[in-house]
Amino acid sequence: MTVATLRLELRVGDCPSLRERRRRLGRIAAKLRRYFNVSVAEDDRIGTPTQGALVAAAVGNSRVAARDVLERVADAVAAHPQVELLAQALHEV
């Protein structure tokens with residue numbers, strides 16, 4: 001079994017407050033959990049309302065399976081109209 005994590009740094013457009021950013025990222029995280037069956041959490045270390053980070057984790061029978069799921073997650077977030085994907089980092093354990 002392989003555990004893989006994906007960190008996505010995002011720009012959230014037109015967010016006046018941290019609360020609004022958290023609400024928008026929370027909606028995206030819920031959709032990712034539902035469609036891809038991955039664990040998703042917001043990383044709160046970024047303190048600006050217009051930038052945020054989501055971290056997703058997946059477990060697979062092989063490295064390829066775990067990477068494939070997280071690559072599809074990254075593609076889905078990149079296609080989301082409310083956010084812009086700034087950077088992504090994939091790590092395997």
Side-chain angles (χ1 to χ4, degrees):
M1 290 200 130
T2 299
V3 178
T5 61
L6 174 67
R7 179 180 169 80
L8 301 167
E9 304 223 0
L10 307 167
R11 177 176 292 133
V12 185
D14 298 332
C15 271
S17 67
L18 294 174
R19 174 178 271 177
E20 178 66 20
R21 181 194 74 188
R22 180 168 286 138
R23 187 176 67 83
R24 289 183 190 181
L25 291 181
R27 278 196 234 140
I28 293 170
K31 287 181 182 180
L32 295 174
R33 284 185 203 105
R34 190 170 47 246
Y35 291 123
F36 297 105
N37 195 24
V38 294
S39 296
V40 183
E42 181 184 357
D43 186 355
D44 281 344
R45 288 184 281 180
I46 301 174
T48 63
T50 58
Q51 290 186 344
L54 290 176
V55 179
V59 177
N61 290 333
S62 66
R63 293 177 65 188
V64 174
R67 287 181 72 94
D68 183 50
V69 169
L70 292 180
E71 287 172 357
R72 287 188 288 138
V73 167
D75 292 341
V77 172
H80 199 278
Q82 291 185 349
V83 296
E84 177 186 349
L85 182 61
L86 300 175
Q88 66 183 31
L90 184 69
H91 300 283
E92 298 172 355
V93 179

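Heavy-atom basis, side chains included; hydrogens, waters and symmetry copies ignored. Starting from 1, each residue takes its place in the sequence as its number. Since the structure is predicted, the reported quantities are computational estimates derived from the model, not experimental observations.
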- Nearest heavy-atom pair of C15 and R24: which atoms, and what distance?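 Result for this residue pair: SG-NH1, 3.5 Å.
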- Item | Nearest heavy atoms of G60 and A66, plus distance in Å |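 In this case the closest contact between G60 and A66 is N-CB, 4.1 Å.
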- Item | Remaining members of the apolar cluster that contains L8, side-chain heavy atoms under 4.5 Å |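 In the cluster with L8 are L6, L10, V12, L25, I28, L32, Y35, F36, V38, V40, L54, V69, L70, V73, V77, V83, L85, L90.
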Would the number of heavy atoms belonging to other residues, nucleotides or ligands and lying under 6.0 Å from [atom1] of [X] be above 12?
X	atom1	result
D14	CG	no
R33	CZ	yes
R19	CZ	no

Taking atom [atom1] of [X] and atom [atom2] of [Y], what is their separation to the nearest 0.5 Å?
X	Y	atom1	atom2	value
R7	Q88	CZ	CD	12.5 Å
D68	R72	CG	CZ	5.0 Å
S62	R67	OG	CZ	11.0 Å
Q51	L86	CD	CG	5.5 Å

- Message: Please check: side-chain N/O of R21 versus main-chain N/O of T48, any donor-acceptor pairing under 3.5 Å?
- Response: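 Yes, R21 side chain to T48 backbone: donor-acceptor pair under 3.5 Å.
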